[in-house]
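Let me begin by presenting the structure, written as structure tokens, before commenting on it.
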Protein chains: 2
Amino acid sequence: MNQKIENLSKKLVEKNIKPSFQRIKVLEYLTTKRNHPTVDEIFNELVIEIPTLSKATVYNTLDLLMESKLARIVTIEENETRYDADVTNHGHFKCDLCGVIYDFPVNIDDLSTDSLKNFKINEKNVYFQGICPKCLDNIDNNKDKNKGK
Amino acid sequence: MNQKIENLSKKLVEKNIKPSFQRIKVLEYLTTKRNHPTVDEIFNELVIEIPTLSKATVYNTLDLLMESKLARIVTIEENETRYDADVTNHGHFKCDLCGVIYDFPVNIDDLSTDSLKNFKINEKNVYFQGICPKCLDNIDNNKDKNKGK
DNA sequence: TTTTAAATTTATAATGATTATAAATTTATT
DNA sequence: AATAAATTTATAATCATTATAAATTTAAAA
């Protein structure tokens, strides 16, 4: 329990970010929830525990985490920016029906990108869209229901 | 010349979109410029030729093009949405220095995505960031200059 | 052709995420 | 304890996007 706080604190200190309570809580939210949250989602949950919390602090903290590569933006086409503290190589899949964003392992380096040999590549993102198994099931079940009628 | 207009018009008609002058012009802008423009960039250029043009029309037209898969959003983390009329499989590379978005060929199906075998995949996006050759050159040249001093 | 209806475009207001600014608070330093 | 620096907070400003309704254009009917 306290062990976790200390780990998060250490992560911040390693990047020369002072581990304030607010910053630890934002990072904790990201790392434990792993739900690719919006600023609002982070704020609305944390403000319960930190009633004085300001949305500006959430924005500021996320900017800090981004700068030091402790978090990154989930690049999907949405009106609200979403964040991810998992900075290892993995893909994102957004279900067009329920909106949930799934992580999936993907070895991006499998892609041959000869045409970029003169480019310096710093980040690689893979993003798929479609329908998740849960929603596919729901569609099937509804079909069955209609059959019965 | 007129041939091009007719081709664009046909593309729209095929998708049951009435080929109004404004719609043809937006589609023409996207297909000829191929510059992943923002709504503002499209509007600012087209309003020269169509002084009565409204930004709402550009938004409406882009929504139509998206619905019928004649265009798609470039999924990169930016405050303004960017659009692309090239809906074939290809990746996007954004230079962090000059901001230019490059297309690059990529065979996304090379990626093994076993964990998504129960997902229905409708769209696949690949997005890289880094520094483009032009900007890399500029950096090198500046280094040389400083050496000379 | 004239009239009517439907579709499209336009102008404008509203929304809402993000950014900017400055004051208040907390933390660290002298 | 006093001062300075960093952080947080509250608030206002910005700006892309969406919503709404009026104006215009296009298509259809009489």
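Computed over heavy atoms, backbone and side chain alike; hydrogens, waters and symmetry mates excluded. Chain letters run A, B, ... following the sequence lines, proteins first, then strands; residues in each count from 1.
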Item to check | Interatomic distance, A:F43 CZ vs C:dG16 P [rounded to whole Å] | outcome: 16 Å

Checklist outcome for this item: Taken to the nearest whole Å, CG/B:N60 to C1'/D:dT20 is 12 Å

Checklist entry - Has A:S54 got a side-chain N or O lying under 4.0 Å from the OP1 or OP2 atom of D:dT8? => result no

Next on the checklist: Of the options D:dT17, C:dA17, D:dT8, whose atoms approach the side-chain atoms of A:R23 most closely?
Outcome noted: D:dT8

Next on the checklist: Is it the case that the side chain of A:K94 and the backbone of A:Q129 share a donor-acceptor pair, with hydrogens and angles ignored and the cut-off at 3.5 Å?
Outcome noted: no

Checklist entry - Are a donor atom and an acceptor atom from the side chains of B:N107 and B:D110 found within less than 3.5 Å of each other? => result yes

Item to check | Phosphate contact (C:dT18 OP1 or OP2) by A:T81 side-chain N/O below 4.0 Å | outcome: yes

Item to check | Interatomic distance, B:F21 CZ vs D:dT24 C1' [rounded to whole Å] | outcome: 16 Å

Item to check | Distance in angstrom units between B:I24 CD1 and D:dT25 P, rounded | outcome: 17 Å

Checklist entry - How close or far is atom P of C:dT18 from atom CE of A:M66, stated in whole angstroms? => result 11 Å

Checklist entry - Counting any heavy atom closer than 4.0 Å, what does B:T52 reach on the DNA or RNA strands: base, sugar-phosphate only, or nothing? => result sugar-phosphate

Next on the checklist: Measuring to OP1 and OP2 of D:dT25, would you say a side-chain N or O of B:Q22 lies under 4.0 angstrom away?
Outcome noted: no

Checklist entry - OP1, OP2 of D:dT9 versus side-chain N and O of A:T57: anything below 4.0 Å? => result yes

Next on the checklist: Between A:S9 and A:I5 (side chain of the first, backbone of the second, donor and acceptor by atom type, cut-off under 3.5 Å), is there such a pair?
Outcome noted: no

Item to check | Candidate nucleotides C:dT19, D:dA16, C:dT8, ranked by approach to the side chain of A:Y59 - the nearest | outcome: C:dT19

Next on the checklist: In whole Å, I'd like the distance from the CG atom of B:L62 to the P atom of C:dT9.
Outcome noted: 12 Å

Checklist outcome for this item: Against the side chain of A:A56, the closest entry in C:dT10, D:dA10, D:dT8 is D:dA10

Next on the checklist: Using only atom types and a distance under 3.5 Å, with no angle test, would you say the side chain of B:S54 pairs donor to acceptor with the backbone of B:A56?
Outcome noted: yes

Checklist entry - For B:T61 and A:K18, take the nucleotide of DNA chain C holding the closest heavy atom to each; which residue's nucleotide lies nearer the 5' end? => result B:T61

Item to check | Spacing of A:D40 atom CG relative to C:dT18 atom C1', expressed in whole Å | outcome: 11 Å

Next on the checklist: Could you walk me through whether B:T57 and B:T61 satisfy the side chain to side chain contact (heavy atoms under 4.5 Å, CB included) test, starting with their C-alpha distance in whole Å, then the side-chain angles of each, then the deciding distance to 0.1 Å, before giving a yes or no?
Outcome noted: CA-CA 6 Å; B:T57 300; B:T61 301; 3.9 Å; yes

Checklist entry - Does OP1 or OP2 of D:dA16 have a side-chain N or O of B:T38 closer than 4.0 Å? => result no

Item to check | Atom-pair distance (CD on B:E78; C1' on C:dT18), nearest Å | outcome: 15 Å

